[in-house]
There are 2 protein chains.
Amino acid sequence: MTDINFSRGAANPDSQGAEGVPAPRAGELRWDIIELLFFAYRDFVGDADHELEAFGFGRAHHRVMHFVYRYPGLKVADLLDVLRITKQSLGRVLKQLLDEGYIVQKTGNNDRRQRLLYATPKGEALVAKLAGLQTDRITRALRDINPEGVAAISQFLRAMIDRDDPDKVLEAIFGTGSKKPRE
Amino acid sequence: MTDINFSRGAANPDSQGAEGVPAPRAGELRWDIIELLFFAYRDFVGDADHELEAFGFGRAHHRVMHFVYRYPGLKVADLLDVLRITKQSLGRVLKQLLDEGYIVQKTGNNDRRQRLLYATPKGEALVAKLAGLQTDRITRALRDINPEGVAAISQFLRAMIDRDDPDKVLEAIFGTGSKKPRE
DNA sequence: AATTTATGTCAGTCATGTTGACATATCTTG
DNA sequence: CAAGATATGTCAACATGACTGACATAAATT
């Protein structure tokens with residue numbers, strides 16, 4: 001009982017199934033993509049969340065570990081740009097990860113004020129484990145999609161990201177401006 | 001200075017640009033999609049976050065408003081399933097939205113214990129405004145993608161979502177066989 | 001030598017999540 | 001009808017991960 005009232009055309013009253021998503025007329029809102037992004041991201045991060053509990057860590061730790069592992073030698077300031085949090089906020093989780101031996105700091109060669117961050121083997125193992133879970137989900141989701149479709153997905157996700165004032169990591173991902181390898 | 005060290009093959013050392021994303025060999029991790037999802041979602045929700053500040057609301061309020069608007073007559077219990085939070089947590093934001101006239105409750109017809117939730121015109125306006133911002137980003141991102149590509153994106157996002165134990169909203173989105181959610 | 005920069009830290013606050021306990025109204029069942 | 005289950009609401013305490021503001025230190029830059 002208490003069925004959902006579809007009076008406002010909720011959830012694709014004109015749905016044609018997963019394959020035949022109707023292109024909305026100009027000016028219409030993309031409720032479909034908005035909601036799919038919500039649920040997809042919810043379940044995507046959910047994979048890691050469970051595992052993190054066993055380590056006594058939260059999402060914040062995961063994000064830090066991930067980017068430190070992926071971009072070895074990242075500066076604290078770069079990490080702040082990427083995560084878009086304050087140094088006080090980063091400080092707490094970073095301290096934990098340092099204390100528990102998941103990350104090490106090295107003083108910068110050129111600039112001795114900098115603390116360059118590196119994942120330890122322990123940290124690498126954690127990141128790899130979490131990335132494995134998320135990769136499983138992604139691989140499953142991509143299984144029945146052809147290479148053109150996968151390219152479209154990649155293009156879409158890239159185009160969803162703000163390009164103004166990109167941080168160091170985004171520069172690396174996008175291959176800074178004209179330096180794009182073989183567009 | 002202090003350039004990122006790419007020693008671990010960060011950011012697609014074998015990248016071929018947005019179009020030619022190489023399919024990773026079996027067993028490899030999808031760092032590319034993992035990071036694109038992170039940044040894409042970060043900026044996607046960022047659109048709404050700014051606007052919400054002007055209303056003194058947060059993401060929690062947005063999520064509640066969104067689903068109440070989209071699925072009019074949603075029960076409190078359904079909302080808890082969708083958002084995956086506790087009733088105490090929902091209670092706070094819901095009370096604010098009720099007090100400030102963004103949502104109204106109606107007693108269920110069949111079951112008078114239920115409080116069916118509906119967006120007021122004020123609430124509708126807020127949701128539409130936020131969805132407009134997000135739709136702008138999505139439309140931009142989809143601009144140069146052909147219908148087959150858009151279908152692939154939709155299929156991918158759907159496949160990223162857990163289908164076991166779907167809530168009422170997901171049943172509506174996926175159109176689970178027995179069309180009407182009956183129980 | 002003075003200033004700026006990169007980082008760290010203390011202290012307090014806020015938003016949003018949690019658990020546990022309990023109240024109330026209403027529906028369902030024996 | 002009485003008893004129990006269900007839907008919702010609420011109080012209290014607590015955890016996490018954000019925030020602002022202030023200040024400290026070392027090292028680089030001017």
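Both backbone and side-chain heavy atoms feed into the values below; hydrogens, waters and symmetry mates do not. In what follows, chains are A, B, ... by sequence order, proteins preceding strands, each numbered from 1.
In this structure, B:L52 atom CG and C:dA15 atom P are separated by 13 Å, rounded to whole Å. In this structure, the NE2 atom of A:H62 is 19 Å from the C1' atom of D:dA18, given to the nearest Å. When the P atom of C:dT18 is taken as reference, atom CD of A:E53 falls 11 Å away, rounded to whole Å. In this entry the distance linking CG of B:D81 with C1' of D:dA7 reads 13 Å, nearest Å. Across the protein-nucleic acid pair, B:I85 atom CD1 and D:dA15 atom C1' stand 16 Å apart, rounded to whole Å. The separation between B:Q114 atom CD and D:dG9 atom P is 11 Å, rounded to whole Å. When rounded to the nearest whole Å, the span between CZ of B:R112 and P of C:dT24 equals 18 Å. In this entry the distance linking CG of A:L90 with P of D:dT20 reads 14 Å, nearest Å.
Mapped onto DNA chain D by nearest heavy atom, B:L94 and A:V93 fall at different nucleotides, with B:L94 at the one closer to the 5' end. Both B:R84 and B:K87 lie near DNA chain C, and the one whose nearest nucleotide falls closer to the 5' end is B:R84. Take the nearest nucleotide of DNA chain D for A:R115 and for A:S89: the residue whose nucleotide is more 5' is A:S89.
Under a cut-off of 6.0 angstrom, the local environment of CG in B:D136 is crowded, with over 12 non-hydrogen atoms contributed by other residues, nucleotides or ligands.
With distances taken from any side-chain atom of A:D111 to the nucleotides D:dA27, C:dT7, C:dT16, the minimum falls on D:dA27. Ranking C:dT9, D:dT8, C:dG17 by closeness to the A:K95 side chain, first place goes to C:dT9. Of the candidate nucleotides D:dG9, C:dT7, C:dT18, C:dT18 has the atom lying nearest to any side-chain atom of B:T86.
Among the candidates B:F38, B:F39, B:W31, the single residue satisfying the ring pair (Phe, Tyr, Trp, His ring centres under 6.0 Å) test with A:H66 is B:W31.
The base of C:dT7 is not paired with the side chain of A:R113 by any donor and acceptor separated by under 3.5 Å. Below the 3.5 angstrom threshold, one finds no donor paired with an acceptor across the side chain of A:Q88 and the base of D:dG17. B:R92 contributes no side-chain N or O that forms a donor-acceptor pair with the base of D:dG9 under 3.5 Å.
As judged by a 4.0 angstrom heavy-atom cut-off over every strand, B:Q105 is placed among residues touching the sugar-phosphate backbone only. Residue-level contact check: A:G91 touches neither bases nor backbone, having no heavy atom under 4.0 Å from any strand.
Taking the centre and axis of the six-membered ring of B:Y71, the NZ or CZ atom of B:K168 falls outside the cone set by 45° and 6.0 Å.
Within the model, atoms CD1 of A:I145 and CD of B:Q155 stand 4.5 Å from one another, a figure rounded to the nearest 0.5 Å. Atom NZ of B:K122 sits about 10.0 Å away from atom CG of B:L97, to the nearest 0.5 Å.
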